[in-house]
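Here the structure comes first, spelled out in structure tokens, and everything after it is commentary.
The chains referred to below are lettered A, B, ... by the order of the sequence lines, with proteins before strands, and numbering in each begins at 1.
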Amino acid sequence: MALIINEEQQMLKTSAAEFLQEKAPVAALRKLRDEKNRQGYDQALWQQMAAMGWASLVIPEQYGGLDFGYVGLGQLFEEMGRTLTASPMVSTSLVGAHAILLAGNATQKERLLPAIGAGELIVTLAIDERRQHRPAKTAMSAVKQDNGYVLNGKKVFVLDGQVANQLIVVARTAGKAGDEAGLTMFLVDAKAQGIEVNHQQMMDSRNAATISFENVKAAEVLGQVDQGFGVLTQVLDIACIGISAEMLGTMCEAFERTVQYLKERKQFGVPIGSFQALQHRAALMYGEIEICKSMVIKALQAIDQGKPDLSRVASMTKAKIGETIRLVTNEAIQMFGGIGMTDDEEIGFFMKRARVAQVTFGDYNYHLDRYARLLGF
Amino acid sequence: MALIINEEQQMLKTSAAEFLQEKAPVAALRKLRDEKNRQGYDQALWQQMAAMGWASLVIPEQYGGLDFGYVGLGQLFEEMGRTLTASPMVSTSLVGAHAILLAGNATQKERLLPAIGAGELIVTLAIDERRQHRPAKTAMSAVKQDNGYVLNGKKVFVLDGQVANQLIVVARTAGKAGDEAGLTMFLVDAKAQGIEVNHQQMMDSRNAATISFENVKAAEVLGQVDQGFGVLTQVLDIACIGISAEMLGTMCEAFERTVQYLKERKQFGVPIGSFQALQHRAALMYGEIEICKSMVIKALQAIDQGKPDLSRVASMTKAKIGETIRLVTNEAIQMFGGIGMTDDEEIGFFMKRARVAQVTFGDYNYHLDRYARLLGF
Amino acid sequence: METITQQDLDVFRAETRAWLEANCPESIRQTPKSMEDVFWGGSNPHYKSEDQKQWFERMRDRGWTTPMWPKAYGGGGLSKQQNKVLLEEMTRLNCQTPLFSFGISMLGPALLKFGNEAQKKEHLTAISRGEVWWCQGYSEPGAGSDLAGLQTRAEDMGDHYLVSGQKVWTSYAENADMIFCLVRTNPDAKKHTGISFLLIDMQSEGVSTRPIQLISGKSVFCETFFDNVKVPKENLVGELNAGWSIAKYLLTHERSMIGGVGDVRKEKPLFQLAIDAVGRDNGKLDDPVLRADIARWMIDQEGLMWTIERTTDEAKAGQPIGAKSSFFKYYYTEQNKLKYELLMALNGTEAATWGDTYDEGKLARDFCRTKGNSIEGGTSEIQLNIISKHILGLG
Amino acid sequence: METITQQDLDVFRAETRAWLEANCPESIRQTPKSMEDVFWGGSNPHYKSEDQKQWFERMRDRGWTTPMWPKAYGGGGLSKQQNKVLLEEMTRLNCQTPLFSFGISMLGPALLKFGNEAQKKEHLTAISRGEVWWCQGYSEPGAGSDLAGLQTRAEDMGDHYLVSGQKVWTSYAENADMIFCLVRTNPDAKKHTGISFLLIDMQSEGVSTRPIQLISGKSVFCETFFDNVKVPKENLVGELNAGWSIAKYLLTHERSMIGGVGDVRKEKPLFQLAIDAVGRDNGKLDDPVLRADIARWMIDQEGLMWTIERTTDEAKAGQPIGAKSSFFKYYYTEQNKLKYELLMALNGTEAATWGDTYDEGKLARDFCRTKGNSIEGGTSEIQLNIISKHILGLG
């Protein structure tokens with residue numbers, strides 16, 4: 001398959017870019033932040049995005065979706081990455097919907113997917129329990145009781161957890177922390193008794209939640225009991241690739257703004273972009289970004305094609321993108337100099353978003369290790 | 001203790017520099033190489049060095065040595081590093097003598113140390129068994145028989161092994177590969193029956209040997225049976241620091257030659273040292289070398305002072321020096337450009353020596369790991 | 001002056017120790033938590049406590065706010081050796097500095113070297129006595145690394161200068177009584193030769209300030225605007241159009257200060273923080289890449305500390321430091337940035353949390369703040385230029 | 001010409017396939033081990049085998065040593081599409097190239113574009129027929145990255161040029177019959193405008209060569225000296241003093257070749273080599289730092305391959321490649337150097353062994369040789385300059 005996007009995908013990308021630059025530029029994120037918006041995104045904007053079909057882009061037609069494929073979704077994420085647009089696209093359209101699609105039974109799919117596509121339902125995955133993303137180390141207990149289970153434990157860094165309607169909670173029904181077997185996904189109403197949601201503002205001005213579960217009754221299993229890890233892995237692989245597409249957009253925009261600044265900013269009577277040391281550093285970044293672009297489109301295609309080595313591709317992509325966005329946003333601040341350190345200038349928002357995205361669904365070290373593990377070394 | 005050398009040490013350094021630049025410049029190494037000298041060094045030169053007391057510099061006075069201390073010896077190594085002088089200083093005066101001094105009994109010391117100091121005896125440590133330096137993984141077997149032991153196995157990368165008179169062989173008298181306990185050092189005559197020495201030319205134009213032992217009778221233990229690891233560790237720590245001093249000299253010389261070349265070589269009508277990208281890379285190297293200088297003198301002082309954390313200091317020094325010499329010699333070739341790729345130009349000799357020194361007594365990764373282990377993480 | 005004997009010094013030490021023990025209040029004998037807890041002086045002084053006030057006043061009355069300045073200007077008149085003894089004894093008791101100000105650390109040295117008698121008398125005395133809070137007006141929006149490209153104009157109006165322009169990064173300008181500025185007095189001259197060093201009263205008509213919000217949040221930095229501000233002619237320091245040499249003198253001073261600043265408080269070593277956060281596996285930190293990164297950082301950090309130690313020893317032995325301070329500035333700030341990269345990594349998602357106040361999400365904010373380390377006080381690029389030119393002789 | 005139909009192509013493919021199967025000897029149907037095993041032609045040809053000779057002669061007689069060159073010059077006269085078919089069919093059978101030469105890859109394209117009719121007739125035909133071994137004379141001791149700074153003089157003596165000077169990195173000059181050179185014909189003009197492109201017979205009086213020993217050992221490179229060498233005037237290609245445009249044309253050609261060169265043979269993946277050498281611990285490579293370094297390298301390498309794939313696809317879709325070849329040259333060569341750093345690391349002391357022949361200590365020698373990757377064909381620094389200027393628009 002050619003490593004380029006087709007005309008339809010290009011049209012989607014172009015229209016998304018126009019829409020976002022008008023409706024959700026970086027200034028919109030600043031406004032959300034300064035207004036101390038606890039929802040984490042602009043509800044009206046989200047409704048418009050859903051109305052355009054963004055929330056249902058990869059949902060199959062039988063559930064009211066567009067079935068447009070992940071390469072298309074990636075273009076949206078890339079453009080949202082450029083404008084740093086906050087929305088439930090990651091939590092709900094990328095992760096939540098996908099978990100339901102892969103693990104849900106017919107009833108669950110029919111009940112939830114159309115509502116997600118319509119932008120009416122926020123469904124998020126509650127998985128991390130400590131600072132580091134380690135799915136297999138999930139310890140939260142789910143004990144069988146009557147017709148269902150009882151959940152006890154704590155989840156952290158639940159994306160959009162402060163506004164989610166439904167939580168997909170990963171808990172342990174068997175085995176011990178570290179075992180891949182014994183994990184089960186539960187669909188839990190966010191308002192269920194025993195759930196306490198603590199809002200947590202993140203450095204990228206988005207929000208996440210810490211959610212504690214005290215004797216929460218969970219009647220609805222998503223997928224197979226004890227066998228959740230397999231589906232979870234697929235969900236997380238796709239999540240990594242989706243967020244990598246977003247990060248690609250963010251790094252490209254940060255880099256382009258930096259190059260522009262190098263051309264405009266004068267010191268010693270010349271543009272600072274005429275200094276060879278900065279030129280070479282810019283050229284190095286250019287190269288790394290080219291590599292990232294190739295990885296992202298290859299990875300998106302791998303989802304659409306159902307490639308068997310998706311996990312390896314997802315991990316290498318998330319790892320490489322994570323390190324490159326670190327480099328690019330750090331260099332951006334340094335090259336913008338003093339002005340880059342001010343909140344008035346937007347470049348800092350890119351670095352902050354980069355930092356949160358880097359640790360979402362596993363950081364560089366995690367994915368580098370996973371990549372090697374998957375290859376068997 | 002002030003991190004500077006004293007007047008006596010400075011005098012030794014200065015006279016060594018003069019001597020080596022006259023008697024053993026890089027051209028001398030080239031000559032040894034082109035003549036396919038299998039001894040690996042110039043015998044007449046070695047006699048002169050011994051006559052000046054270099055071989056006995058750190059040997060106590062009671063054994064005919066100068067007892068001048070390791071800071072002083074480090075100055076010699078630094079200057080030998082600058083001229084890439086090949087000699088048995090590492091194998092015999094640094095490692096062999098030290099092993100005897102720390103582990104030997106009075107008879108052994110009296111028999112061997114004066115001869116080493118006089119430049120009459122080459123004593124080398126035979127420890128590595130595979131590509132990687134892993135002392136605790138020593139597997140070579142020493143089985144008790146009659147009044148002594150019988151050695152079977154193979155040692156690689158034995159420095160000056162092709163000309164050594166005595167071998168200090170590390171072998172396993174108990175336990176299994178990986179155990180620190182159960183190692184014993186043996187003093188073995190290099191001509192003993194069952195020993196086969198295979199000369200191996202190294203990329204730095206020096207020589208080492210692969211030595212196989214087939215039912216070799218070893219009657220003489222150096223130190224305690226089964227308890228060799230402790231002394232061995234001390235010997236290797238000092239070896240690491242000594243060779244780090246040599247590597248420091250090598251990197252300083254390579255760097256100074258590179259900076260000089262940057263000033264002389266013109267392209268586009270200007271010295272290439274006027275290009276900012278090269279300037280910054282040179283400035284970065286300068287900084288790393290400054291750090292290395294401090295580590296080497298600190299480490300040498302630590303030997304003289306008998307500091308308890310010598311192992312940690314030795315590993316951090318060898319690690320940092322190893323990475324920096326890699327950087328400096330790689331950059332040297334790149335900055336010399338095409339001319340640096342030719343054998344006519346001497347800069348390549350520095351890179352080649354660097355590569356061998358990097359892996360001698362443990363490479364970067366080994367010492368980085370060891371450093372962390374010693375700190376408990 | 002310098003023929004002071006060891007015996008004299010011993011006497012001085014004994015007296016000083018006794019005086020400090022008698023006069024330094026208990027609550028002052030601890031390292032301040034931050035620069036906020038230090039006494040800054042000024043026309044509207046803020047004391048954290050009665051003890052702080054007493055300590056300041058006692059020290060001021062001995063001239064020990066500025067121990068080595070001449071007594072005539074409110075200083076202590078101490079010799080270098082005596083000053084060393086005083087500092088040692090203060091360190092022994094862990095006494096806080098009685099007065100911190102840019103007047104002491106920056107303007108003072110400039111006035112001592114370049115000021116006329118009247119200026120010294122007036123300003124040095126006020127600085128010693130903590131009566132005036134000074135801030136620094138060097139950088140401009142268009143003049144950062146290229147400081148000499150500054151555009152703030154001071155026009156000679158006969159009996160005064162008329163100043164217009166804008167300064168940035170004027171720390172504490174909101175609190176300051178006075179500002180020492182670099183201004184352009186000859187727009188036609190080559191850029192380094194048309195600059196003068198001017199003292200300006202912040203209360204003057206036409207001066208205004210605006211605080212700067214950083215990516216880490218609130219900061220002490222301000223923008224300072226000059227809109228046709230009248231400045232008396234006697235406020236010119238040094239010769240007209242010769243301000244650049246004063247600036248260079250002070251910049252070198254500033255760089256060596258920044259390079260030398262270490263961590264004030266004892267911290268847990270980085271590897272220990274990592275073990276706490278990440279845990280062990282088989283005795284080793286449960287993230288081999290992070291483990292190697294931390295080991296590398298610690299080795300470099302210890303190497304840097306040893307290099308500072310070595311350079312100090314070399315300086316004592318008479319070897320000039322030269323441009324080496326640029327290396328320290330570079331390496332120290334890059335290491336500090338890297339340290340916060342590692343702290344972010346080992347704290348994972350927890351490190352990415354923010355909040356409304358600085359203390360909520362302190363790590364993320366501190367991390368953001370460190371990005372400025374390699375920009376302020378001369379960028380890393382400028383330091384590398386200096387090393388390359390002045391140490392390596394490339395150019 | 002280009003109105004060839006798919007049907008025609010299918011016929012051509014079938015015929016070609018049949019011909020190759022009938023005419024390509026079995027022993028030629030394998031990837032050559034090294035450039036030494038390829039047939040280079042020349043006035044004193046060396047065939048590795050009778051099969052090689054036969055294969056060359058059969059292909060030569062069809063003009064398929066240079067399939068797309070006009071038949072009038074000994075070429076095959078194939079269209080682009082036909083040539084593609086031929087290459088595909090040769091690849092299918094794994095046929096070796098019948099003739100490799102700088103005449104085909106470098107001089108040929110220049111002559112086709114800039115040569116006059118007589119030159120084309122004479123030289124292209126001889127190249128196609130493998131009768132003349134050409135080498136390239138560009139770089140000089142003082143003109144590396146700054147190629148246009150070259151000093152080899154060609155003086156107009158009326159009926160001939162008199163050439164004096166020195167070239168370096170003239171690959172295979174010892175074997176070559178002829179050399180194509182850049183020479184300075186106008187020393188007074190600006191440096192790019194005083195250069196001409198000249199063909200010189202290596203047998204001429206005053207030409208001498210000296211092989212260059214590299215840090216890796218023996219090499220194909222030579223120095224070539226010109227001491228008052230007479231060169232006929234008809235050997236000037238293109239206009240006098242317009243040689244720089246020919247050089248630029250060929251350099252771009254060369255860069256895209258180097259960037260595109262991949263590993264000829266299938267190798268074990270790096271991680272597998274590492275496991276073989278270092279072993280596993282708990283299922284993981286028994287050196288966590290090396291493990292991470294190898295993972296990083298492999299990720300970058302796969303990313304590079306995908307980027308070549310993507311760029312090819314983009315080019316097919318009509319997006320210009322532009323200066324991107326500089327990026328590929330840069331990244332590929334830096335990766336190759338890094339690969340050998342890793343190979344050295346995983347082979348430890350064994351990798352540091354040398355020997356009298358290249359094969360003893362091959363790894364160390366290969367490693368040394370890779371250091372030249374980022375120097376030859378335009379240094380890494382030059383590539384970064386090009387990216388920065390032509391892609392990013394900085395300058």
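- For A:R370 and A:S311, the side-chain atoms include at least one donor-acceptor pair closer than 3.5 Å.
- Looking at A:F275, neither its backbone nor its side chain comes within 4.5 Å of chain D, counting heavy atoms on both sides.
- Residues D:K268 and D:D276 are paired through a salt bridge, judged by an N-O separation under 4.0 Å between the basic side chain and the carboxylate.
- Checked against the 6.0 Å centroid threshold, D:Y332 and D:F328 do not count as a close aromatic pair.
- Contacts between A:M1 and chain D at a heavy-atom distance below 4.5 Å involve the backbone alone (N, CA, C, O).
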Discussion item. Determine whether D:Q301 and D:Q335 satisfy the following criterion, side chain to side chain donor-acceptor pair (under 3.5 Å), listing intermediate values before the conclusion.
Written reply: CA-CA 7 Å; D:Q301 190 69 8; D:Q335 277 286 105; 2.8 Å; yes

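- Salt-bridge formation is not detected for the pair D:R296/D:D300: no Lys NZ or Arg NE/NH1/NH2 atom is positioned less than 4.0 Å from an Asp or Glu carboxylate oxygen.
- Looking at A:Y286, the atoms closer than 4.5 Å to chain D (heavy atoms on both sides) all sit in the side chain, from C-beta outward.
- Heavy-atom distances place both the backbone and the side chain of D:N385 under 4.5 Å from chain A.
- Contact check on D:E341 versus D:K337 returns no salt bridge, with no Lys/Arg side-chain nitrogen under 4.0 Å from an Asp/Glu carboxylate oxygen.
- The contact between A:I297 and chain D is made entirely by side chain atoms (from C-beta outward), counting heavy-atom distances below 4.5 Å.
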Discussion item. Apply side chain to side chain contact (heavy atoms under 4.5 Å, CB included) to residues A:L327 and A:M251 and explain how you reach the verdict.
Written reply: CA-CA 9 Å; A:L327 170 75; A:M251 79 167 74; over 6 Å; no

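- Residue contact with chain A, scored on non-hydrogen atoms closer than 4.5 Å, involves the backbone and the side chain of D:R310 alike.
- There is no contact between A:E323 and chain D, counting heavy-atom distances below 4.5 Å.
- A:Q334 and A:N330 share no donor-acceptor pair across their side chains, judged by distance under 3.5 Å alone.
- At a 4.5 Å heavy-atom cutoff, the contact between D:I275 and chain A is made by side-chain atoms alone.
- Heavy-atom distances place no part of A:N365 under 4.5 Å from chain D, backbone and side chain included.
- For the set D:T312, D:L285, D:I299, D:I387, the count of heavy-atom pairs under 4.5 angstrom toward chain A peaks at D:I299.
- Heavy-atom distances place no part of D:E334 under 4.5 Å from chain A, backbone and side chain included.
- For chain A, the option among D:K389, D:K324, D:Q319, D:M305 with the highest count of heavy-atom pairs below 4.5 Å is D:K324.
- Among the candidates A:L368, A:V259, A:L262, the residue making the largest number of heavy-atom pairs closer than 4.5 Å to chain D is A:L368.
- Proximity to chain A (any heavy atom under 4.5 Å) is shown, for D:M298, by both the backbone and the side chain.
- The residue among D:E381, D:R280, D:E302 with the most heavy atom pairs within less than 4.5 Å of chain A is D:E302.
- Interface residue A:R312: only side-chain heavy atoms are found under 4.5 Å from chain D.
- D:R369 and D:E376 are joined by a salt bridge, as a carboxylate oxygen and a charged side-chain nitrogen come within less than 4.0 angstrom of each other.
- Among A:L12, A:I241, A:L94, the single residue meeting the side-chain contact (heavy atoms from CB on, under 4.5 Å) criterion with A:L73 is A:L94.
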